[in-house]
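Quick note on labels: first sequence line is chain A, next is B, and so on, each numbered from 1.
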Amino acid sequence: RYLANLLIQAYGRCGSLQKAKAVFHGIQNPNLFSYNMLLVAYAQNGDMQAASSLFYGMPCWDVVSWTAMVQGYADQGDLAHAKPLFDRARQRNIVLFTAMLAAYAQAGHLEEARALLKLMPEFNVVTWNAMLAGYAQAGLPEEAQALFSNGMAEWNLVSWNTMIQAYALLGQVDRSVLVFETMAVRDVVTWTSMLCAFNQSMDLISAKQVFDKMPERNVVSWNALVLAYAQSGQTDQASWLFHRLPSLDITSWNTMVAAYANVGHATEALESFYRMQLEGLEPDGTTLTHVLAACNHLGEPEQGRRCFALMGADGDGYHGLLPQKDHYLCMVTILARGGQLKDAAELLNYMPFEPQ
RNA sequence: GUCUAACUAUUCUAAU
């Protein structure tokens, strides 16, 4: 059972939910660890349907189970489910509190995050980092600065890396550089954050310099450099680099599809889209957003229809993708610009979102 | 019973 539990975790980490489930069902007497492992696997892969039905079928819950659920919903941006679950948990420890705090912070609900922080019986560096990241992503470097300098009692690499991002997001790259140079220890996230800080300010030269100096690179750093070329309009360079990446993930492909789409190279964008599937990668919602943008440039509504139809409206579509608001709106635009006004209007009516 | 949970980097995505 001990080994089986670990196997569930391993399958969960690489997204093989079917296999994780099979291992779980092969255990004669699953214990709470087994349940939690599978629950975490579902939650972290965004399958909250499965997570929820497992959760309610479990013999008992502990604080880990609650945390998994709260975090799973939070990752989907579903605070409406996360918060009530958090409220219902009897046992709350710092991890559960921090998960809820991070959920608020990531969603930009800083008031709620601050209020929760006040309720917390204890804090640690992860708690403060979660708050710090909230300020950073909301574009509030002053608040982040205040918390970083006066509000926390403990700092780690994550805190410092977050500050680089906080300044970068408001275009204060000089300050990011200052933070970077102050740091005694840096990891690959530090370096990549600095690269992206220069991307923010459209400084390709500095971005490339950072990349060349990095002591260690991973697929994220490579992707960031591809983006650097793409957003400075050097699509050919981006493509050249893309073909030399040591490893490609879905973001690499999405970045490249977007690179083509953004400069109106619709055919190349669609080609990349097909090639990524030939390579065995599953497109996600972001891929389809870029693909539809490319179709919009193409000015051929039929192509747009085909791509849009890949995402089944009833959830049974391609790779289980469901069209989101941006997909609908883009498709409406494609139809409208193609003169198919009736269908555009119909889609507007049909889509499960409020039109704006 | 040594196995499970929280924080930081890359996609910016319709019309304009």
Side-chain angles (χ1 to χ4, degrees), chain A residues 1-9 12 31-41 43-44 62-72 74 93-103 105-106 124-134 136-137 156-166 168 187-197 199 218-228 230-231 249-259 261-262 284-297 304 324-334 336-337 356:
Chain A
R1 182 170 66 191
Y2 173 100
L3 284 176
N5 286 351
L6 287 176
L7 203 52
I8 297 176
Q9 181 185 32
N31 58 9
L32 187 52
F33 277 119
S34 326
Y35 278 100
N36 282 340
M37 294 275 203
L38 186 60
L39 192 67
V40 167
Q44 293 191 343
D62 68 0
V63 67
V64 174
S65 330
W66 291 98
T67 307
M69 291 300 287
V70 167
Q71 203 205 355
N93 63 10
I94 191 167
V95 176
L96 178 53
F97 267 110
T98 304
M100 192 61 230
L101 179 81
Q106 282 156 14
N124 63 19
V125 65
V126 178
T127 317
W128 286 307
N129 286 343
M131 197 67 223
L132 203 58
Q137 277 152 25
N156 62 13
L157 241 185
V158 173
S159 330
W160 286 89
N161 291 343
T162 305
M163 287 309 291
I164 292 181
Q165 197 203 0
D187 65 1
V188 66
V189 176
T190 315
W191 285 91
T192 308
S193 301
M194 203 54 238
L195 198 172
C196 295
N199 274 355
N218 61 18
V219 65
V220 178
S221 355
W222 283 95
N223 290 346
L225 188 64
V226 172
L227 178 71
Q231 70 181 189
D249 66 5
I250 177 109
T251 301
S252 322
W253 285 96
N254 287 350
T255 304
M256 210 52 233
V257 174
N262 289 338
D284 63 7
T286 303
T287 320
L288 267 296
T289 302
H290 294 130
V291 166
L292 288 175
C295 292
N296 190 25
H297 276 289
Q324 299 300 311
K325 197 181 208 165
D326 50 348
H327 301 122
Y328 277 104
L329 295 181
C330 185
M331 193 59 215
V332 168
T333 307
I334 292 175
R337 290 185 38 174
Q356 317 172 345

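- Whole-Å rounding puts the A:Ile250 CD1 to B:U13 P distance at 18 Å.
- The side chain of A:Tyr2 approaches B:C3 more closely than any other nucleotide in the set B:U4, B:U13, B:C3.
- You'll find the side chain of A:Ile164 reaches within 4.5 Å of the side chain of A:Thr190, heavy atoms only.
- At whole-Å resolution of the value, CG in A:Asp187 and C1' in B:U10 are 14 Å apart.
- For A:Asn93 against B:A6, a side-chain-to-base donor-acceptor contact under 3.5 Å is absent.
- If you take CG of A:Asn31 and P of B:U2, they are 12 Å apart, rounded to a whole angstrom.
- At a threshold of 4.0 angstrom between heavy atoms, the contacts of A:Gln106 are confined to the sugar-phosphate backbone, with no base atom among them.
- Side chain of A:Phe33, nearest nucleotide from B:C3, B:A14, B:A6: B:C3.
- The nucleotide whose nearest atom lies closest to any side-chain atom of A:Thr286 is, among B:A5, B:U10, B:U11, B:U11.
- Residue A:Val188 places its side chain closer to B:A9 than to any other of B:A9, B:U8, B:A5.
- The CG-P distance, from A:Asn156 to B:A9, rounds to 14 Å in whole Å.
- The side chain of A:Ala133 sits closest to B:U8 out of B:A6, B:U8, B:A14.
- Within the 4.0 angstrom heavy-atom criterion, no nucleotide atom of any strand lies near A:Asp284.
- Summarising the geometry, the separation between CG on A:Asn161 and C1' on B:A9 is reported as 8 Å, rounded to the nearest angstrom.
- Across all non-hydrogen atoms, the minimal contact from A:Val188 to A:Thr192 is O-OG1, 2.7 Å.
- Residue A:Ala74 comes nearest to A:Ala103 through the heavy atom pair CB-CB, 3.3 Å, listed as atom of the first residue, atom of the second, then distance.
- A:His290 has its NE2 atom 12 Å from the C1' atom of B:U10, to the nearest Å.
- Between the side chain of A:Thr67 and the base of B:A5, at least one donor-acceptor pair of N or O atoms lies under 3.5 Å.
- Contact of A:Asn296 with B:A15 (side chain to base): no donor-acceptor pair of N or O atoms is detected under 3.5 Å.
- Look at CG on A:Asp62: it is 12 Å from P on B:A5, rounded to the nearest Å.
- Look at A:Gln71 and you won't find any side-chain N or O under 4.0 angstrom from OP1 or OP2 of B:U4.
- Side-chain atoms of A:Gln9 lie closest to B:U4 of the nucleotides B:A9, B:A6, B:U4.
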query: Should A:Asn223 and A:Asp249 be marked as a side-chain hydrogen bond (donor to acceptor under 3.5 Å, both in side chains) after you check the CA-CA gap, both sets of side-chain angles, and the distance that decides it?
result: CA-CA 9 Å; A:Asn223 290 346; A:Asp249 66 5; 3.1 Å; yes

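- Among residues two or more places apart in sequence or in another chain, the side chain to side chain donor-acceptor pair (under 3.5 Å) test is passed with A:His297 by none.
- Residue contacts shown for A:Thr192 include a base, since a base heavy atom lies under 4.0 Å away.
- Counting non-hydrogen atoms under 4.0 angstrom, A:Thr255 reaches the backbone sugars and phosphates but no base.
- Side-chain nitrogen and oxygen atoms of A:Gln165 include none within less than 4.0 Å of the OP1 or OP2 phosphate oxygen of B:U8.
- Interface remark: the A:Asn218 side chain does form a donor-acceptor pair with the B:A9 base, using a distance-only criterion of under 3.5 Å.
- At a threshold of 4.0 angstrom between heavy atoms, the contacts of A:Ser193 are confined to the sugar-phosphate backbone, with no base atom among them.
- Closest contact between the side chain of A:Asn36 and the listed nucleotides B:U4, B:A9, B:U11 involves B:U4.
- With both ends at atom C1', the span from B:C12 to B:U16 equals 16 Å, rounded to whole Å.
- Here A:Gln324 lies out of heavy-atom contact (under 4.0 Å) with every strand.
- Of the listed nucleotides (B:U4, B:C7, B:C12), B:C12 has the atom at the smallest distance from the side chain of A:Asn262.
- For A:Thr251, the side-chain atoms get nearest to B:U11 when compared with the rest of B:A6, B:U11, B:A15.
- Rounding to whole angstrom units, CH2 of residue A:Trp160 and C1' of B:A9 are separated by 17 Å.
- Side-chain atoms of A:Ser252 and A:Val226, non-hydrogen and from C-beta on, never get closer than 4.5 Å to each other.
- Distances were taken from every side-chain heavy atom of A:Gln44 (C-beta onward) to each of B:A5, B:C7, B:U4; the shortest belongs to B:A5.
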- request: Report the C-alpha distance between A:Asn31 and A:Ser34 in whole Å, list the side-chain angles of each, state the deciding distance to 0.1 Å, and finish with yes or no for side-chain hydrogen bond (donor to acceptor under 3.5 Å, both in side chains).
  value: CA-CA 5 Å; A:Asn31 58 9; A:Ser34 326; 2.6 Å; yes

